Amino acid sequence: MNKDQLEGKWKQIKGDFKKKYGKITDDEYAEAEGNIDKLAGKMQEKYGKSKEELKDEIDNW
């Protein structure tokens, strides 16, 4: 597991926390942000690329 994959795993955990926090507090923004963080983390973990590399690929798609 490389550094980017580890960061991806951490983002998933952070995303889950934000999502649950958003549900508890009825904060839709925090909940949506949690979903986005979790997705970014999964992509980073799967492909082992940095957030900037993934963003460039998405932007150039």
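Predicted model only: the values in this text are computed from it and were never measured.
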The side-chain hydrogen bond (donor to acceptor under 3.5 Å, both in side chains) partners of Asn35 (sequence neighbours excluded) come to none
Drop me the distance from [X]'s [atom1] to [Y]'s [atom2], to the nearest 0.5 angstrom.
X: Tyr29; Y: Lys18; atom1: OH; atom2: NZ; result: 8.0 Å
X: Gln5; Y: Glu45; atom1: CD; atom2: CD; result: 7.0 Å
X: Lys14; Y: Lys9; atom1: NZ; atom2: NZ; result: 15.5 Å

Can you give me the closest heavy-atom contact between Lys38 and Gln12, atom names plus distance? O-CG, 3.7 Å
Each residue besides Trp10 in its hydrophobic cluster should be listed here, by chain and number; the cluster joins Ile, Leu, Val, Met, Phe, Trp and Tyr at side-chain heavy-atom distances under 4.5 Å. Ile13
My understanding is that only residues two or more places apart in sequence, or in another chain, count here; which of them pass salt bridge (Lys or Arg N to Asp or Glu O under 4.0 Å) with Glu31? none
Side chains of Lys11 and Gln44 in contact at under 4.5 Å (non-hydrogen atoms): yes
Would you call Lys3 and Glu7 a salt bridge, taking side-chain N to carboxylate O under 4.0 Å as the test? yes
